[in-house]
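We count residues from 1, following the sequence as given.
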Amino acid sequence: MKTGSYIGILLLLLFGLNACLDDHTSVGDKELSEITITAAYDTLTAYFGDEFVIDHLKVEQSGEELPLTYEWGYGSLNTSGGGIADYPIGDSLRVISHDPQLRHTFRELGKFGLSLKVENGESIRFKYFVLQIDTEFSEGITILSRDGAGKGRLSFMKALTKEEMNAGVESSFRTDILETINPGIEMEDVTDMAQEESRLLVASGSTGRIYNMDARTFDVEGMTSFQGTYPTSSFRKFTGISTHNNMYILSDDKRAYVYDCMLDELVLTSYFEDIEVDASCIGNKPVFVNYGNSVLYSPASGGLYESAGKFTPFDIHAVCFIGTNLYVVSTMKNSPLQVYLASTPVTFPNPTVLQFYISTEAIRIDRESICVGCSESKCVFYAYGNAIYCWKIDQKLPTEPYITVPEGMEITTLSMDPEEKLLYVGLYGKNSANALKGSLYIYDAKDRDLISTYHHVADKPVRVIYKKRV
């Protein structure tokens with residue numbers, strides 16, 4: 001009997017205790033003001049370097065409207081079993097705001113866990129998001145230009161997504177990339193730009209400097225001047241990768257330097273120490289030209305390939321790659337109407353003669369002509385005067401322009417899209433009243449139709465490239 005009484009009393013106590021815990025009001029306790037957070041999206045995308053704003057949250061309290069405190073933070077994304085963990089922050093939380101509306105500029109890329117903690121003194125509520133920090137600069141047309149003092153400007157037009165195109169979004173250039181991403185940094189005497197995988201490089205002439213940027217973000221991560229080691233270095237043109245990360249660069253001191261894109265180091269290799277070069281050609285492999293001797297050079301493993309006497313009877317006017325072959329435009333020394341057109345691989349065996357003829361007029365191409373090869377059409381586009389010419393490699397040099405640009409516009413750079421279907425023409429209107437006198441015209445390379453024009457998007461264009469996603 002005593003045992004049964006004890007059990008009955010115990011059950012009664014447990015039942016009463018449970019009732020007290022579940023029903024605060026039954027013992028006169030105050031009803032807690034519970035917090036509820038409602039969000040339109042649980043997966044969010046922020047863009048590197050742009051202010052990210054969250055203003056779609058709805059925060060409610062079940063009872064009395066008490067003062068609220070907020071804490072926003074983020075950290076690496078914590079996953080579990082291939083999915084998102086219940087607590088999605090994988091490392092220490094980095095607190096970034098205490099405001100109800102989040103406004104923050106992120107400067108790192110990747111996928112993160114974003115946390116919001118809201119308190120009112122009586123209850124606490126957490127809300128978690130998956131945050132993808134991307135860059136709107138990952139892919140698109142990039143223009144390097146320079147003002148009258150040589151100061152560099154980067155202009156960028158991003159590649160639109162299918163969703164953006166379907167929504168009718170129009171492409172446009174941002175002309176403030178450098179000062180937005182790298183406040184306080186000015187690029188001096190800019191002369192060329194090139195992308196090598198994840199690196200975007202800009203060369204400076206008089207300072208002997210290379211600006212080394214993250215190609216995804218335009219963030220300048222190195223800006224070393226090498227004139228302490230090589231006092232006469234003055235970089236003019238990137239000439240291409242030979243092996244690994246070695247980018248060859250033509251300098252105004254007639255030297256060919258090698259720059260390691262990842263280590264940010266410059267060397268003058270022993271086999272270029274006693275060789276002078278006047279020009280270079282970027283393409284399948286780096287190629288350099290000595291105009292005085294009419295000799296071509298290309299780096300080889302531990303040395304150089306050189307054309308020796310194969311072109312010495314001729315004055316070389318232009319060299320340009322189409323695919324893996326180099327195409328050479330030259331004329332006979334002391335006989336400028338006798339035209340010699342040839343092709344050669346960079347090992348420089350005996351060249352293949354394409355045309356050897358006497359022209360009825362002076363050829364319309366010279367050592368200042370900007371050239372770009374097109375595998376798609378098997379031709380070389382080049383600028384001369386106020387026009388663009390197209391040399392079909394199985395024919396003689398053209399005598400009539402392929403494209404004529406508007407009067408008063410100077411062609412300052414020529415390049416193609418990655419598929420070699422579009423021709424990018426950088427133009428400079430010296431007498432324009434606009435502060436930005438540089439423009440970009442885009443032509444269909446095959447039928448020469450003018451597809452797009454972008455006026456006043458740069459200073460004097462130096463280089464136009466299609467920056468690829470990495």
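A distance-only check finds no donor-acceptor pair linking the side chain of S138 to the backbone of R469 [under 3.5 Å]. In this structure, Y211 contributes its side chain and E221 its backbone to no donor-acceptor pair below 3.5 Å. Remark: side-chain polar atoms of S155 are not paired, donor with acceptor, to backbone N or O of T175 under 3.5 angstrom. Looking at K237, its side chain does come within 3.5 Å of a backbone N or O of S280 through a donor-acceptor pair. Put simply, the side chain of R209 gets close to the backbone of M223: a donor and an acceptor are under 3.5 Å apart. No donor-acceptor pair under 3.5 Å is formed between the side chain of K117 and the backbone N or O of T69. Not a single donor-acceptor pair under 3.5 Å links the side chain of D260 to the backbone N or O of E265. Side chain of S33 to main chain of G63: a donor-acceptor pair is present (N/O by atom type, distance under 3.5 Å, no hydrogens or angles). For E65 (side chain) and P67 (main-chain N/O), no donor-acceptor pair under 3.5 Å exists by modelled atom type. With hydrogens and angles disregarded, no donor-acceptor distance shorter than 3.5 Å links the side chain of T413 to the backbone of P461.
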>> Run the side chain to side chain donor-acceptor pair (under 3.5 Å) test on N284 and T324 for me, step by step, so that the C-alpha distance in whole Å, both residues' side-chain angles and the decisive distance to 0.1 Å come before the verdict.
In response: CA-CA 5 Å; N284 181 57; T324 60; 5.3 Å; no
>> Go through it in stages, so that I can follow the logic: the residues are D278 and K254, the test is salt bridge (charged side-chain N to carboxylate O under 4.0 Å, His left out), and I'd like the CA-CA distance, side-chain angles, deciding distance and then a yes or no.
In response: CA-CA 6 Å; D278 303 295; K254 296 194 173 186; 3.1 Å; yes
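One finds no salt bridge joining R125 and E119 here, because no Lys/Arg side-chain nitrogen approaches an Asp/Glu carboxylate oxygen to under 4.0 Å. Salt bridge present: E60 and K58 bring a charged side-chain N and a carboxylate O closer than 4.0 Å.
When only modelled atom types and interatomic distance are considered, D189 and S204 share no side-chain donor-acceptor pair under 3.5 Å. Under the 3.5 Å distance criterion, with hydrogens and angles disregarded, a donor-acceptor pair is assigned to the side chains of Y466 and E139.
Applying the salt bridge (Lys or Arg N to Asp or Glu O under 4.0 Å) criterion to K127, with sequence neighbours excluded, gives D42. Considering only residues two or more places apart in sequence or on other chains, D444 meets the side chain to side chain donor-acceptor pair (under 3.5 Å) condition with none of them. Every residue meeting the salt bridge (Lys or Arg N to Asp or Glu O under 4.0 Å) condition with K151, not counting sequence neighbours, appears here in chain and number order: E186. Considering only residues two or more places apart in sequence or on other chains, R255 meets the salt bridge (Lys or Arg N to Asp or Glu O under 4.0 Å) condition with none of them. Here Y389 pairs with Y382 under the ring-ring contact (aromatic ring centres under 6.0 Å, His included) rule; sequence neighbours left out. For K468, the salt bridge (Lys or Arg N to Asp or Glu O under 4.0 Å) criterion is met by no residue, not counting sequence neighbours. Applying the ring-ring contact (aromatic ring centres under 6.0 Å, His included) test to H456 and every residue at least two apart in sequence or in another chain returns nothing.
Under the 6.0 Å cut-off for aromatic ring centres, F272 and F288 qualify, their centroids lying closer than that. The aromatic ring centres of Y257 and Y230 sit less than 6.0 Å apart. Remark: aromatic rings of Y74 and F106 are close, center separation under 6.0 Å. Aromatic ring centres of Y248 and F238: separated by at least 6.0 Å.
The salt bridge (Lys or Arg N to Asp or Glu O under 4.0 Å) contacts involving residues 169-183 comprise D50-R174, E136-R174, R174-D176, where partners must be two or more places apart or lie in separate chains. Counting only residues at least two apart or in different chains, side-chain hydrogen bond (donor to acceptor under 3.5 Å, both in side chains) contacts with residues 428-437 are absent.
The two atoms that bring C320 and C281 nearest to each other are CA-SG, 3.7 Å, heavy atoms only. A pairwise comparison of heavy atoms in L440 and V457 identifies N-CG2, 4.4 Å as the closest pair. For the residue pair I181 and G49, the shortest heavy atom distance occurs at CD1-CA, 4.4 Å. In this structure, V405 and L427 approach most closely via the heavy-atom pair CG1-CD2, 3.9 Å.
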Would you give me the side-chain donor-acceptor pairs under 3.5 Å for residues 213-220, sequence neighbours excluded?
| from | atom 1 | to | atom 2 | distance (Å) |
| --- | --- | --- | --- | --- |
| D214 | OD1 | R216 | N | 2.9 |
| D214 | OD1 | R216 | NE | 3.1 |
| D214 | OD2 | R216 | NE | 3.4 |
| D214 | OD2 | R216 | NH2 | 2.8 |
| T217 | OG1 | D219 | N | 3.2 |

Identify all side-chain donor-acceptor contacts of residues 448-455 below 3.5 Å with residues at least two apart in sequence or on another chain.
| from | atom 1 | to | atom 2 | distance (Å) |
| --- | --- | --- | --- | --- |
| R448 | NH1 | Y402 | O | 3.1 |

Enumerate donor-acceptor pairs with a distance under 3.5 Å from any side-chain N or O in residues 94-102 to protein atoms, sequence neighbours excluded.
| from | atom 1 | to | atom 2 | distance (Å) |
| --- | --- | --- | --- | --- |
| R94 | NH1 | E108 | OE2 | 2.9 |
| S97 | OG | D99 | N | 3.1 |
| H98 | ND1 | Y70 | O | 3.0 |
| Q101 | OE1 | R103 | NE | 3.1 |
| Q101 | OE1 | R103 | NH2 | 3.3 |

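Paired with T412 under the rule side chain to side chain contact (heavy atoms under 4.5 Å, CB included), one option of R463, K460, R146 passes, and it is K460.
Distance check, rounded to the nearest 0.5 Å: CG of L423 to NZ of K446 gives 15.0 Å. If you take CG on D459 and CG on D147, they are separated by 5.5 Å, rounding to the nearest 0.5 Å. A distance of 9.0 Å separates OG in S233 from CD1 in I249, rounded to the nearest 0.5 Å. From C261, atom SG reaches atom CG of L201 across 5.0 Å, with rounding to the nearest 0.5 Å. Once rounded to the nearest 0.5 Å, the distance linking OG of S251 with CZ of F226 reads 12.0 Å. The OG1 atom of T191 sits 9.0 Å away from the CZ atom of F235 when rounded to the nearest 0.5 Å.
Annotation: E419, atom CD; neighbour count of heavy atoms from other residues, nucleotides and ligands within 6.0 Å does not exceed 12.
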